[in-house]
2 protein chains.
Amino acid sequence: MVQSRDAERTRSELLEVATEVFSEQGYSGARVDEIAERTRTTKRMIYYYFGGKEGLFLAVLEAAYRRIRDLEQSLHAGDLEPVDAVRRIAELTFDHHVDHPDFIRLVSVENIHRGRHLEKVESLRELGAPAATVLDEVLARGRASGELRSDVDAVDVHMMISAYCVFQVANSATFGYLFGRDMLAPDVRERHRRILGDIVVGWLTAH
Amino acid sequence: MVQSRDAERTRSELLEVATEVFSEQGYSGARVDEIAERTRTTKRMIYYYFGGKEGLFLAVLEAAYRRIRDLEQSLHAGDLEPVDAVRRIAELTFDHHVDHPDFIRLVSVENIHRGRHLEKVESLRELGAPAATVLDEVLARGRASGELRSDVDAVDVHMMISAYCVFQVANSATFGYLFGRDMLAPDVRERHRRILGDIVVGWLTAH
DNA sequence: CAATGTATGTACCGTTTCGTACATTAGCCA
DNA sequence: TGGCTAATGTACGAAACGGTACATACATTG
């Protein structure tokens, strides 16, 4: 196969395919050879650009987290009333999660390995802040107006929302199977989306 | 090493160690040799009792799920008022999850593999029912008395509780790292436990 | 106490899998 | 255009890994 060279395309194609394979098979389950075969290049390039299997995984993690961070920063709810804003944030988070199952699965994989790889990625040291600041501002306004309870902080709320959303994707196989509920079906999804909004609003307005 | 034979002990020791290794390393990451080495017997016994690596994993899954089912059945909240009952159920579920991280991690591993193994375990076909029936009864009483909202079912509530509890354990590494919150610390745990109760009660009583 | 089947240990095999040595080509710049 | 470097391809090696053949010891039972 003689084809023109394009370093950037080779690199990004490897990243893309690797994201898929790692999220489908886990870190140990992913095969370097399989990743290479699914691209238009060869295994050699993984070692050339990423140094090895672990380097590739780190790059995949970094790219995935960067994507979610960018999205979180684009989420602005400053023009909504506090109660509407938290519902909005919850729903957008929900949409983002169900639209990016690969990312969620990747996070699961990384947690199996106790975050060992994540800690090696310098650029992800201070990633939490953005998601928390938007919520923080909304909660402050809600507390001031007396609409929202004051005994929880932004991280508490973010965790609750994340937990619900992550579960939808990360545990859909076992939960769906055991309770006979297809978590991927559009109507079920829409229902869960509404329920999440109800939960967050009900929780934060009860006091 | 000459030691008296004890088939049952060999079997259960293999299961115990395998649970640990699979939940720590994932399915593909777990090494048959390592599991064997950590026991007082040899690799040979894994093939003798479980047929192979996958058979061992199936047995581990089955044992873990059986343990959680037994606990769910022992959970009786019939003598409590509906509102207190749901908080109680939520808190007991929380306690159980944080006390059995291996099980949660195992479920994560199984979900990475899309529940492929779980489906092979005959004895786990109808496992969902127990957890749902207890909640179902409480919700019915709450609806009748007008204390609890009527637009959600037991599976919805169970899912919400599971999501929150599973997240505590399954995502503690990445979430804890990114938000600088040690999810395993006793005081944090206690706080999250109370918050879960507040969430469930606030949600179900808002209508 | 002999016989028989269950339980266990050892040594090894074939494959898979990550990684690399070596060769080669494409494009850029003097 | 000729050379130089970045990029890519091929073939292979060594170790890891799941699995098994074969030998053997224990314990139960008739």
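Any value given below was found using the heavy atoms of this structure, including those in side chains, with hydrogens, waters and symmetry copies removed. Lettering of chains follows the sequences in order, A, B, ..., and the numbering in each one begins at 1.
- In this entry the distance linking CG of L56(B) with C1' of dG18(D) reads 13 Å, nearest Å.
- Side-chain N/O atoms of H97(B) and Q168(B) include no donor and acceptor closer than 3.5 Å.
- Between D33(A) atom CG and dT20(C) atom P there is a gap of 14 Å when expressed in whole angstrom units.
- Between dG19(C), dG18(D), dA6(D), one nucleotide has an atom nearer to the side chain of Y48(A) than all others, and that is dA6(D).
- Residues W203(B) and V152(B) have side chains in contact (heavy-atom distance under 4.5 Å, counting atoms from C-beta outward).
- Using a 4.5 Å heavy-atom threshold, the side chains of T174(B) and Y65(A) count as touching.
- Within the structure, every side-chain polar atom (N or O) of Y47(B) is placed at least 4.0 Å from both OP1 and OP2 of dT20(D).
- Partners of H100(A) according to the ring pair (Phe, Tyr, Trp, His ring centres under 6.0 Å) rule, which considers only residues two or more places apart in sequence or in another chain, are H96(A).
- Checked by distance alone, K53(B) brings no side-chain donor or acceptor within 3.5 Å of a matching partner on the base of dG19(D).
- Of the side-chain N and O atoms in R44(B), none sit less than 4.0 angstrom from OP1 or OP2 of dG9(C).
- Residue M45(B) contributes atom CE, which lies 15 Å from atom P of dA25(D) at whole-angstrom precision.
- One can place CZ of F50(A) at 12 Å from P of dA7(D), the figure rounded to the nearest angstrom.
- Along DNA chain C, the nucleotide closest to R11(B) and the one closest to K43(B) are compared, and the more 5′ of them pairs with R11(B).
- One finds no side-chain N or O of R31(A) lying less than 4.0 angstrom from the OP1 or OP2 phosphate oxygen of dT16(C).
- Summarising the geometry, the separation between CG on L14(A) and P on dG9(D) is reported as 10 Å, rounded to the nearest angstrom.
- Summarising the geometry, the separation between CD1 on I46(A) and P on dG19(C) is reported as 10 Å, rounded to the nearest angstrom.
- Straight-line distance from the CZ atom of F22(B) to the C1' atom of dG18(D): 12 Å, rounded to whole Å.
- L124(B) approaches L61(B) most closely through the heavy-atom pair CD1-O, 4.3 Å.
- Counting only heavy atoms from C-beta on, T42(A) has its side chain closest to dG9(D) among dG9(D), dA7(C), dG18(D).
- Residue A30(A) is classed as a sugar-phosphate contact, given heavy-atom separations below 4.0 Å to backbone atoms only.
- Listed pair T10(A) / dA7(D) fails the phosphate criterion, with no side-chain N or O lying under 4.0 Å from OP1 or OP2.
- The separation between Q25(A) atom CD and dT16(C) atom P is 16 Å, rounded to whole Å.
- Contact between the side-chain N/O atoms of T41(A) and the OP1/OP2 oxygens of dG9(D) is found at a separation under 4.0 Å.
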